[in-house]
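Below is one structure, written out as structure tokens; comments come after it.
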Amino acid sequence: MRLWLMCVALATAPSVGQAETSKPADPKVRPSADAKAGKAPPKKAPAAGAKPAPAQAQAPEQDAGTPPARPSFRWDIPAVTAWVESPGLQVTDGVPMHLQLARSSWQMDPLIQHMVDRFRAAGLFISSSPEALNSPIAEPMLTALDTETLTAYTVIFQKNQDNTVTLILGTSDVSKYTPGGSIQLDWAPMMAGAEQVTRSNLEGSQMAMYAVKATSAEVREFYQVELTRAGFAEDPEQPGVFQRGTEQLTIRTQPEGDMLMVGLYRKLGVQPK
């Protein structure tokens with residue numbers, strides 16, 4: 001399944017709001033003498049009539065033969081300057097997904113390595129290596145899976161013109177996958193013999209991907225004929241990008257095994273050049 005398609009669609013969401021970032025320590029607040037000496041501050045006596053707090057249970061010692069518990073994974077994005085939460089759960093091809101979007105002032109390569117390190121530290125299975133961060137929509141993407149809870153974590157990296165990076169974050173509950181529905185698209189044609197169709201719709205944009213036994217040249221010729229017949233014109237400077245009024249369709253391909261993955265991205269409200 002290509003669960004990251006819904007994540008990419010979040011890029012069309014409204015401009016992001018200010019992130020909730022940790023605040024630096026107030027330089028006017030000076031540490032106490034005990035703090036400088038490394039001593040713990042004195043405990044305050046309980047208020048009159050107050051009941052003493054219950055003693056915390058002592059954690060049991062771990063059996064030497066029991067493997068350590070897997071650390072829970074939480075998104076940790078460095079140098080966040082903006083953050084967006086999607087309203088509630090989205091469902092992409094029967095998979096519930098929670099979407100978030102962050103903007104970071106870090107550069108692309110350090111961010112990718114940071115996310116790889118975070119996934120590995122949490123004991124997650126990474127489905128693609130950093131050297132294979134290629135997708136049919138030309139944006140680096142990483143997906144990691146918690147094999148115990150069947151939770152998938154996907155992050156897509158988009159470089160911005162101001163040298164910041166937008167990260168589209170998707171958390172999917174694969175255990176609740178409910179297949180079904182038509183594999184036909186009402187906004188773009190698909191080649192005969194299309195398999196493994198995945199699609200999503202969000203905020204005025206649509207994404208889809210399918211596998212087909214064909215060459216990249218055959219796919220390009222198919223869409224040139226079909227989309228021209230439908231009133232689209234291909235951008236001479238961007239092969240695979242078709243425009244009809246303010247509607248834009250982008251077609252990308254990528255080999256995968258003995259099949260060719262075809263990625264379709266429809267965006268509305270794009271002004272023609």
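Position 1 is the first residue of the sequence; numbering continues from there.
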(request) Work out which heavy atom in Leu99 is nearest to a heavy atom in Gly170; give both atom names and the distance. (result) CD2-CA, 4.1 Å
(message) Tell me the closest heavy-atom pair linking Met191 and Phe222, and the distance in Å.
(response) CG-CD2, 3.5 Å
(request) Find out whether Leu124 and Glu148 are in side-chain contact, i.e. whether some heavy atom of one side chain is under 4.5 Å from a heavy atom of the other. (result) no
(request) With sequence neighbours left out, write down each residue that passes salt bridge (Lys or Arg N to Asp or Glu O under 4.0 Å) with Asp235, or none if nothing qualifies. (result) Lys273
(request) Determine which pairs satisfy ring-ring contact (aromatic ring centres under 6.0 Å, His included) with at least one residue from residues 99-122, sequence neighbours left out, and list them in order. (result) Phe73-Phe119, Trp106-His114
(request) To the nearest 0.5 angstrom, please state how far the CZ atom of Arg74 sits from the OH atom of Tyr153. (result) 11.0 Å
(message) What's the separation between atom CD1 in Ile126 and atom OG1 in Thr143, rounded to the nearest 0.5 Å?
(response) 10.0 Å
(message) Please give me the minimum heavy-atom distance between Val270 and Gln243, naming the atom from each residue.
(response) O-NE2, 2.8 Å
(request) With side chain to side chain contact (heavy atoms under 4.5 Å, CB included) as the test, would you mind laying out the steps for Leu169 and His98 before giving the verdict? (result) CA-CA 8 Å; Leu169 313 171; His98 179 62; over 6 Å; no
(request) Find the distance between CG (Asp162) and OG1 (Thr81) and round it off to the nearest 0.5 Å. (result) 8.0 Å
(request) Please check if Val225 and Met190 belong to a single hydrophobic cluster, counting links between Ile, Leu, Val, Met, Phe, Trp and Tyr side chain heavy atoms closer than 4.5 Å. (result) no
(message) Please enumerate all residues that pass side-chain hydrogen bond (donor to acceptor under 3.5 Å, both in side chains) together with Thr151, with sequence neighbours excluded.
(response) Thr149
(request) Please name the pair of heavy atoms, one in Met141 and one in Phe157, separated by the smallest distance, quoted to 0.1 Å. (result) N-CD1, 4.4 Å
(message) Run Trp75 and Met115 through side chain to side chain contact (heavy atoms under 4.5 Å, CB included) and show every step you take.
(response) CA-CA 9 Å; Trp75 292 115; Met115 296 310 304; 3.5 Å; yes
(request) List in chain and number order the residues that pass salt bridge (Lys or Arg N to Asp or Glu O under 4.0 Å) with Arg229, two or more places apart in sequence or in another chain; answer none if no residue qualifies. (result) Glu226
(request) For Asn160, check side-chain hydrogen bond (donor to acceptor under 3.5 Å, both in side chains) against everything at least two apart and list the hits. (result) Thr164, Thr166
(request) Using distance alone, with no hydrogens and no angle criterion, decide if Gln113 and Asp117 have a side-chain donor and acceptor under 3.5 Å apart. (result) yes
(message) Between Val116 and Val165, is there shared hydrophobic-cluster membership here, with clusters defined by ILVMFWY side-chain heavy atoms closer than 4.5 Å?
(response) yes
(request) Can you measure from CG (Leu101) to CD (Gln158) and round to the nearest 0.5 angstrom? (result) 7.5 Å
(request) Measure across Leu260 and Pro255 and return the closest heavy-atom pair with its distance rounded to 0.1 Å. (result) CD1-N, 3.6 Å
(request) Go through the structure and list residues passing side-chain hydrogen bond (donor to acceptor under 3.5 Å, both in side chains) with Tyr223, not counting sequence neighbours. (result) Tyr210
(message) Holding to side-chain hydrogen bond (donor to acceptor under 3.5 Å, both in side chains), I want the full list of residues that pass it with Ser216, two or more places apart in sequence or in another chain.
(response) Thr253
(message) With rounding to the nearest 0.5 angstrom, report the OG1 to CG distance, Thr250 to Leu264.
(response) 9.5 Å
(message) My understanding is that only residues two or more places apart in sequence, or in another chain, count here; which of them pass side chain to side chain contact (heavy atoms under 4.5 Å, CB included) with Met259?
(response) Glu195, Ala211, Lys213
(request) List for me each residue that meets salt bridge (Lys or Arg N to Asp or Glu O under 4.0 Å) alongside Glu247, sequence neighbours excluded, and say none if there are none. (result) Arg244, Arg266
(message) On a heavy-atom basis, which atom in Pro140 and which in Met108 lie closest, and how many Å separate them?
(response) CG-SD, 4.3 Å
(request) Not counting sequence neighbours, which residues clear side chain to side chain contact (heavy atoms under 4.5 Å, CB included) with Glu234? List them please. (result) Arg220, Gln224, Pro239, Phe242
(message) Going by the rule salt bridge (Lys or Arg N to Asp or Glu O under 4.0 Å), which residues pair with Asp76 if we only count those two or more places apart in sequence or in a different chain?
(response) Arg118
(request) Working to the nearest 0.5 Å, report the span between CD of Glu256 and CD of Gln254. (result) 7.0 Å
